[in-house]
Amino acid sequence: MTEGKAQAGPGGSHPRHVLVPLLNSPVRLSVVAALSPVDRAGFGVVRDLVEVTDSALSKQVAALEAAGWVAVSKDRVGRRPLTWLALTAEGRAVYRRHVAALRAIAEGDGAGHDPDAAGAAPGGEDLPAGGVVRDAGMRRLSGG
Amino acid sequence: MGALDRAAAMERAARARSGWYARYLWVFAAAQAALVPMALLWHGPVAALAFTLAVTTLVAGLSLYAARQRIVRRGFGARHGVLIGLWAAVYSASLLFGLLVFVDSRTFAAVAASACALPLVVGAVLERRRAS
């Protein structure tokens with residue numbers, strides 16, 4: 001999978017600040033992930049990979065295209081229209097950062113104490129002052 | 001399935017779907033076993049006609065196969081250009097030596113066919129690895 005370190009976002013050093021809201025949708029993330037290793041892919045190929053309907057994919061692609069992350073081009077094979085999807089350079093960079101942030105969160109690599117997590121630990125237990133709380137939280141969430 | 005797992009699975013699936021290029025290269029490589037000896041050992045107008053038909057069929061078939069694909073791996077153009085360039089260089093050298101130096105040599109024809117197939121086979125193996 002794509003490598004890269006999560007960078008600090010504008011809200012602080014926790015990797016969650018780098019997450020892109022538009023990619024929090026599983027379908028949109030899947031579309032961008034499917035396009036990341038290719039130059040371009042046909043609309044039908046992406047639809048089959050992501051396992052959604054034509055109209056659902058159209059809607060998500062339109063959102064990604066409006067954000068400037070996916071380029072849509074139309075071609076013609078004989079009389080049949082053909083739609084190609086491709087990630088733009090910006091889309092590729094955004095995807096890499098998003099995945100790096102997800103990986104950093106999953107591995108508990110966020111730096112420092114996240115003030116937004118105060119009082120939010122599962123079970124409502126008090127948080128240790130100044131400590132890193134993700135590890136306990138993540139272990140509890142993952143059941144490990 | 002978590003978001004990370006989902007993204008990784010999508011990338012793997014997309015890479016696997018773009019593995020058609022490995023099959024393209026395997027067919028092109030296998031064709032060298034027939035075309036190179038045909039070019040070097042078979043002479044005359046019938047041979048020329050048969051060779052032309054064989055090459056036309058191969059090129060048309062492979063081009064049609066490639067044109068029907070609906071997914072193209074990143075960097076495909078550059079990789080294809082390098083592989084075809086290498087094949088063309090070896091093929092040209094094979095014709096030069098085979099028609100001027102090692103005339104009608106079956107041994108040379110066999111070696112030349114292998115040499116022409118080599119860059120295509122290496123490309124196919126690398127593509128298969130990238131697709132998995």
Side-chain angles (χ1 to χ4, degrees), chain A residues 1-4 6 15-16 19-20 23-52 73 75-78 80 82-87 89 92 94-107 138 141-142, chain B residues 1-28 56-57 59-86 120 122-132:
Chain A
M1 202 153 90
T2 52
E3 296 294 332
R16 70 179 177 83
L19 290 175
V20 177
L23 293 184
N24 284 338
S25 153
V27 174
R28 283 195 288 268
L29 179 63
S30 297
V31 169
V32 172
L35 292 176
S36 71
V38 303
D39 255 350
R40 60 179 188 167
F43 184 91
V45 171
V46 177
R47 178 202 59 214
D48 294 343
L49 283 172
V50 180
E51 296 179 3
V52 291
S73 57
D75 206 343
R76 197 165 271 276
V77 177
R80 277 175 59 189
L82 184 58
T83 302
W84 291 99
L85 305 178
L87 268 191
R92 216 172 281 283
V94 165
Y95 171 67
R96 280 198 197 110
R97 283 199 300 269
H98 187 85
V99 165
L102 285 175
R103 189 176 298 119
I105 291 169
E107 292 169 358
M138 291 303 291
L141 286 170
S142 66
Chain B
M1 187 189 257
L4 275 176
D5 292 338
R6 193 181 306 119
M10 276 296 112
E11 288 190 32
R12 271 195 309 273
R15 268 196 296 274
R17 285 288 289 262
S18 63
W20 61 268
Y21 187 49
R23 289 188 288 277
Y24 175 106
L25 290 172
W26 280 119
V27 169
F28 197 177
T56 304
T57 304
V59 170
L62 288 177
S63 299
L64 189 64
Y65 176 69
R68 288 172 65 88
Q69 301 308 315
R70 296 290 175 255
I71 188 163
V72 180
R73 183 87 58 74
R74 282 195 75 197
F76 165 78
R79 273 200 303 279
H80 186 60
V82 166
L83 282 175
I84 295 302
L86 281 173
L120 304 170
V122 170
V125 169
L126 291 176
E127 278 299 314
R128 178 55 58 96
R129 279 196 200 153
R130 283 190 203 104
S132 54

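Chain identifiers are assigned alphabetically (A, B, ...) following the order of the sequence lines, protein sequences preceding nucleic acid strands; residue numbering begins at 1 within each chain. Keep in mind that what you see is a predicted model, and the values were worked out from it rather than measured.
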*asked:* Shorter than 4.5 Å, heavy atoms on both sides: which option in R74(B), M10(B), R70(B) has the most such pairs with chain A?
replied: R74(B)
*Select one option (side chain, backbone, both, neither) describing which atoms of R17(B) are under 4.5 Å from chain A's heavy atoms.*
side chain
For [X] and [Y], which heavy atoms make the closest approach, and how far apart are they?
X      : Y      : value
R73(B) : P37(A) : CD-O, 3.5 Å
F76(B) : D39(A) : N-OD2, 4.2 Å
A33(A) : A7(B)  : CB-O, 3.5 Å
A41(A) : I71(B) : CB-CG1, 4.0 Å

_Side-chain heavy-atom pair L4(B), V99(A) within 4.5 angstrom cut-off_ = yes
*Is it the side chain or the backbone of N24(A) that comes within 4.5 Å of chain B heavy atoms, both, or neither?*
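For N24(A), neither part sits under 4.5 Å from chain B.
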*Measuring heavy-atom distances to chain B, does L49(A) have an atom under 4.5 Å in its side chain, in its backbone, in both, or in neither?*
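It is both, since atoms from each part get that close.
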*Taking atom CZ of R79(B) as the centre, report whether more than 12 heavy atoms of other residues, nucleotides or ligands fall under 6.0 Å from it.*
yes
*asked:* Tell me which of these, V32(A), L82(A), V50(A), has more heavy-atom pairs under 4.5 Å with chain B than the rest.
replied: L82(A)
